[in-house]
*Asks:* 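Supplied in structure tokens, the structure appears directly below.
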There are 2 protein chains.
Amino acid sequence: MDLVLTPVGAAAGVAVCCTPLTAPSISEADALALATTLKALADPARLRLLSLIAAHEGHDACVCDLTEPVGLSQPTVSHHLKVLVDAGLLTREKRGVWVHYTLVPGALDVITSHLASHLTAAA
Amino acid sequence: MDLVLTPVGAAAGVAVCCTPLTAPSISEADALALATTLKALADPARLRLLSLIAAHEGHDACVCDLTEPVGLSQPTVSHHLKVLVDAGLLTREKRGVWVHYTLVPGALDVITSHLASHLTAAA
DNA sequence: ATGCTACATCGACACCTATCTATATTGACA
DNA sequence: TGTCAATATAGATAGGTGTCGATGTAGCAT
């Protein structure tokens, strides 16, 4: 239903502010999906949790390894870990009484490559 | 003031849940800084704005180029652009009546390399 | 069975943020 | 100078989110 409203200068050749498009931009759906994943990353507590897990042998750590270093309550840590699992950045595995969280290999690469492909110049 | 509370298994050699640390993790300050920048990226409207600007010739676009494609009000677009400038992802330049926003070259690379260095395995 | 320990869920609260409308500001032009 | 167009700022509001304490759940040990 969008009416074409005064395409300024289009017919008259008047200098317009706009530079021409040279490539397609990200779709609304892709932007939403990327933003959702980035939101999971965009928190200092969650970055520290991911970094702590990455620093552990096998990129694997249990909650008891993580609560004290980040200085947050156990329920809060549990909440953040759930966010990271839901975002596909961690996997959860129960081992007896303990729960181990492990980095998903390549998950970060997927994010950064999407960022690069949509937000950078093609040469 | 933290008292050392029952370092379980430390003396007895009992199997503990925890895997050993093999590397240092991100600092609290670095995590905060990275999260702040990522928050600027973690919004679908801002991702679309960045992508639109990247798709323009010279990675440069004026506000009038951006308002209609993202489908948001002009003040909202202006707000998002300010967030991106404050995050160091865009630069702002006034040209007569119009204002042009330009991608900061390499800004995205800085983010992704920080992510990679803190959150991935060292081989 | 009972209790203990590790972790998750619930409910509440304070704070942040995305969005809008209305208005101000700034520059071009007649 | 006065008007118009492009953009920014202000104020308001609805919804999201990080945090906590309290409580629930599940597995191990005695």
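Each chain gets a letter, A, B and so on, in the order its sequence line appears, and its residues count up from 1.
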*Asks:* According to a strict under-4.0 Å criterion, is A:Arg46 in side-chain N/O contact with OP1 or OP2 of D:dG18?
*Replies:* yes
*Asks:* Does OP1 or OP2 of C:dC20 have a side-chain N or O of B:Ser73 closer than 4.0 Å?
*Replies:* yes
*Asks:* So if I take every side-chain heavy atom of A:Val97 and compare against D:dC28, C:dA18, D:dA8, which nucleotide ends up nearest?
*Replies:* D:dC28
*Asks:* Of all the choices, D:dT19, C:dT17, D:dT7, which nucleotide is nearest to the side chain of A:Thr76 once you look at every atom?
*Replies:* D:dT19
*Asks:* Please determine, for the side chain of A:Pro75, which listed nucleotide (C:dT21, C:dA8, C:dG27) has the closest atom?
*Replies:* C:dA8
*Asks:* Quick check on DNA chain D: between A:Ala42 and B:Lys82, whose nearest nucleotide comes earlier from the 5' end?
*Replies:* B:Lys82
*Asks:* Please give me the minimum heavy-atom distance between B:Leu103 and B:Leu90, naming the atom from each residue.
*Replies:* CD2-CD2, 3.6 Å
*Asks:* Could you check how far NZ of A:Lys94 sits from P of C:dC7, rounded to whole Å?
*Replies:* 9 Å
*Asks:* Does a side-chain N or O of B:Ser78 approach OP1 or OP2 of D:dA8 to a distance below 4.0 Å, or not?
*Replies:* yes
*Asks:* How many Å lie between NE2 on B:His100 and P on D:dA6, as a whole number?
*Replies:* 12 Å
*Asks:* Looking only at heavy atoms, which two atoms of A:Leu32 and A:Thr36 are closest? And how far apart?
*Replies:* O-OG1, 2.8 Å
*Asks:* Please tell me which of the listed nucleotides, D:dA26, C:dA6, D:dA8, lies nearest to the side chain of B:Val99?
*Replies:* D:dA8
*Asks:* Does a nitrogen or oxygen in the side chain of B:His80 sit under 4.0 Å from OP1 or OP2 of C:dT17?
*Replies:* no
*Asks:* Rounded to whole angstroms, how far apart are CG on A:Leu72 and P on D:dT17?
*Replies:* 17 Å
*Asks:* Between A:Asp43 and A:Val83, is the side-chain contact (heavy atoms from CB on, under 4.5 Å) condition met? List the steps.
*Replies:* CA-CA 11 Å; A:Asp43 180 276; A:Val83 171; over 6 Å; no
*Asks:* For B:Arg92 and D:dT7, is the shortest distance between a side-chain N/O and OP1 or OP2 below 4.0 Å?
*Replies:* no
*Asks:* Please report the closest heavy-atom contact between A:His118 and B:Ala54, naming both atoms and the distance.
*Replies:* O-CB, 4.2 Å
*Asks:* Could you tell me how far apart A:Leu49 (CG) and D:dG18 (C1') are, to the nearest whole angstrom?
*Replies:* 13 Å
*Asks:* Provide the closest heavy-atom pair for A:Leu72 versus A:Thr67 in the form atom of the first, atom of the second, distance.
*Replies:* O-CG2, 3.5 Å
*Asks:* Just the rounded figure in Å: distance from C1' of C:dC15 to NZ of B:Lys39.
*Replies:* 12 Å
*Asks:* Kindly point out which of C:dA18, D:dG18, D:dT9 is positioned nearest to the side chain of B:His79?
*Replies:* C:dA18
*Asks:* Shortest non-hydrogen contact from A:Val70 to A:Leu52?
*Replies:* CG1-CD1, 3.8 Å
*Asks:* Measure the distance from CG on B:Asp65 to P on D:dA6 and round it to the nearest whole Å.
*Replies:* 12 Å
*Asks:* Send over the distance from A:Arg48 CZ to D:dT19 C1', rounded to a whole Å.
*Replies:* 16 Å
*Asks:* Is there a donor N/O on one and an acceptor N/O on the other, under 3.5 Å, for the side chain of A:Gln74 and the base of C:dA8?
*Replies:* yes
*Asks:* Using a cut-off of less than 4.0 Å, is there contact between a side-chain N or O of A:Tyr101 and OP1 or OP2 of C:dA6?
*Replies:* no
*Asks:* Check the distance between C:dT17's P and B:Leu84's CG and give it to me in whole angstrom.
*Replies:* 14 Å
